[in-house]
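Shown next, in structure tokens, is the structure this report addresses.
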There are 2 protein chains.
Amino acid sequence: MVSSANLHYYANSLFKYLSLNLFMISMLELRHLHMLKALVESGNLSRAAQRLHLTQSAISHQVKQIEDHYGVLVFERKTQPLRLTATGQRLHVLAETVLAQVAEAERDIARIVEGQAGRLRVAVECHTCFEWLMPAMDIFREHWSEIELDLVSGFHADPLALLREDRADLVVVSEHRKHGANGVVYHPLFGFEIIGIVSRLHRLAQKEYLTPQDFTDETLVTYPVPEEMLDVIRIFLKPHGVEPKRRTAELTVAILQLVASRRGISAMPSWAVQGYLRTGYVQGLRLGKEGLFGELYAVTHGEAAKTAYMQDFLETVRAVSFNTLPGLIPLSPA
Amino acid sequence: MVSSANLHYYANSLFKYLSLNLFMISMLELRHLHMLKALVESGNLSRAAQRLHLTQSAISHQVKQIEDHYGVLVFERKTQPLRLTATGQRLHVLAETVLAQVAEAERDIARIVEGQAGRLRVAVECHTCFEWLMPAMDIFREHWSEIELDLVSGFHADPLALLREDRADLVVVSEHRKHGANGVVYHPLFGFEIIGIVSRLHRLAQKEYLTPQDFTDETLVTYPVPEEMLDVIRIFLKPHGVEPKRRTAELTVAILQLVASRRGISAMPSWAVQGYLRTGYVQGLRLGKEGLFGELYAVTHGEAAKTAYMQDFLETVRAVSFNTLPGLIPLSPA
DNA sequence: CGAAATTACGACTGGCGTAAGTATC
DNA sequence: GATACTTACGCCAGTCGTAATTTCG
């Protein structure tokens, strides 16, 4: 038994169904374009899913939907690496251009809504971070020329103090304390693995992974920062009572040189050293059986976090990072 | 009581909710852009809804969704005609460019899928139809330069015979017989009102609408086609036993001249005469209290209807017509 | 009052998740 | 067997429709 209202509903549904097919009001949505972009940039369904905070299954569904609609495959199966078909490539080109235009329009709208300019003073406590921060800031500056963009220089023991004292609008930190204090908000940027670095010729290079004890009689080469800020020490070594000698260097290459010449071993974000591992003088090793992982957060005032340019800055940092650094892990919000 | 599976589900939903807000994976979809385009082109929510085969309510919902998302109004309320806000205009520009690019990509994909060219021989039985057919064919030719596009000239008593005899691939007709015969398919183009045309000075010009009897002692001025093809006669006059004298002219202007000089009265598609009504010598009047309405269909072979270029041709015709002719009525498919 | 828009409410369904299956290296 | 993708199945959130209400000319 179907009510009259329901009858109308069914008629309408049927009609809509027909109209979508017969009248060709394309079923393609921006969702699909986002997916395709992520798919190409991350190389397979699972990683694309991670980036979009969806499951592999959802991506598969979306791909299938496009393929059914156009009647062609979007990417070739059973190939490594992933290869798009001609159709897939065309759609990917579309995604690139369209999504860029959408982003631009949304920035324009944000300007219309927020009216006037603002400023963004960025502080980082982490040496290697400049690798992604600089290109991200460059892109941001292009998009928001009217925002005064600054880098707070110098090293600071307590970077959050910079926020409190209104000497910075955004600071990048690696430790995640909870929200709340002074209306401060944490924005997850990305997660990454911290790997041990040893010379190819070092006896430890043969191991499957490094244990805290392996560090006992070694010299640990790091950036010149207090040991509380080094996750290897704070999380991996200290809890097991291991306190190796330390030696510091300012630059990543310098640290790697020291490791290569067997003056010590190190531990760094995997993305910071990926390029150097290829050359073969040093080797990366997992820290502990399960690995040691670090995370990066941007901290801002709650109010500042609401502006569109701040959100765009965060998005830009994530996009640049995921697109240029290998092995990053998306973090869930909050 | 919530199952474990459900718990996961809830967690995921929450997560998705958060991520959509915090990670700014824009909620804008092509749906909204289609809606905005239709909204601007048709001038108000109701007509936009008609075009998209949705209800006024759905359009209102969509607008509200955008407005909530960006925190600005998209169009100013309580103004006649409809006026977009700055945000609305920016989004409309976005819609224009993006949708054009999507359409182009879809044509490219169709070419990839279908591989090779085809041809499209168009036949029309209706004089006035050239008004929209020509611009539509021009646009189509730009998009599908490799398709051989032809116009089948001459008048034909039974236009469907052209299809059967393979002398045309698409014919435009005003009568809608059911599918089936010879695997032929009817594609609705648009509906329109047929209005009576009388001189401003004619006594009938005072009436609210014309009745069949009003035509009894008048001369009916029409295009030179058999009377079965004239809806005024077939549907409006003949059933009431009214058979006025007839006089014919080839061109719309010529017919209107005759009417203006009170040599007779006429009946034509409202869109064909809209421009001339403004000038004031002739007047349009509804035919019957409820009005007389005509419809136009394109007829093709079922097979040919499946090709993308054919579908695109139909879409182009509809788009051109709705964008240039006043007072058209969307028809439901099938 | 009619035409246009908003809104409360509810129906459906399509998009996505879980989990199990298939396939490839 | 690990990794990559597909698929069956089910849930619900979001989208749309109906209808009542408001608003304006």
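Here is the naming used below: chain letters follow the sequence lines, and residue numbers restart at 1 for every chain.
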In whole Å, what is the span from the [atom1] atom of [X] to the [atom2] atom of [N]?
X	N	atom1	atom2	result
B:Leu39	C:dA5	CG	C1'	12 Å
B:Ile59	C:dA4	CD1	P	14 Å
A:Leu52	C:dG17	CG	C1'	15 Å
A:Met27	D:dT15	CE	C1'	16 Å
A:Asn44	C:dC25	CG	P	15 Å
A:Arg47	D:dA4	CZ	P	7 Å
B:His53	D:dG17	NE2	P	12 Å
A:Arg31	D:dG14	CZ	P	13 Å

Exercise. If only side-chain N and O atoms of B:Lys78 are considered, is one of them under 4.0 Å from the OP1 or OP2 phosphate oxygen of D:dC24?
Worked result: yes
Exercise. Using a cut-off of less than 4.0 Å, is there contact between a side-chain N or O of A:Thr55 and OP1 or OP2 of C:dG17?
Worked result: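 Yes, such a contact exists.
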Problem set entry | First of A:Gly43 and B:His32 reached from the 5' end of DNA chain D, by closest nucleotide | A:Gly43
Under the salt bridge (Lys or Arg N to Asp or Glu O under 4.0 Å) test, residues paired with [X] that sit two or more places apart:
X	answer
A:Arg90	B:Asp108
B:Glu193	B:Arg286
A:Arg200	none

For this session: For DNA chain C, determine which residues of residues 60-67 of chain A have any heavy atom closer than 4.0 angstrom to one of its atoms, and list them numerically.
Result: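 Those residues whose heavy atoms fall under 4.0 Å from DNA chain C, taken from residues 60-67 of chain A in numerical order, are A:His61, A:Gln62, A:Gln65.
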Exercise. When you check the side-chain N and O atoms of B:Glu106 and A:Ser26, is any donor under 3.5 Å from an acceptor?
Worked result: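 The criterion, which ignores hydrogens and geometry beyond distance, is satisfied for A:Ser26 and B:Glu106.
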Problem set entry | Side chain of B:Ser46 - closest among C:dG17, C:dA4, D:dC5 |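 Looking only at side-chain atoms, B:Ser46 lies closest to C:dA4.
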For this session: For the pair A:Ser60 (side chain) and A:Gln56 (backbone), establish whether a donor and an acceptor sit closer than 3.5 Å, ignoring hydrogens and angles.
Result: no
Problem set entry | Within residues 36-46 of chain B or reaching into it, pairs that qualify as salt bridge (charged side-chain N to carboxylate O under 4.0 Å, His left out) - sequence neighbours excluded |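 Sorted result for residues 36-46 of chain B: B:Lys37-B:Glu41, B:Glu41-B:Arg51.
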Exercise. Can you list every pair that meets salt bridge (charged side-chain N to carboxylate O under 4.0 Å, His left out) and has a residue in residues 63-73 of chain A, with sequence neighbours left out?
Worked result: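 Every salt bridge (charged side-chain N to carboxylate O under 4.0 Å, His left out) pair that includes a residue of residues 63-73 of chain A, provided the two are not neighbours, is A:Lys64-A:Asp68, A:Glu67-A:Arg77.
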Exercise. Do B:Ser57 and D:dT18 share a donor-acceptor pair, side chain to base, under 3.5 Å?
Worked result: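 By the distance-only test, yes, there is a pair.
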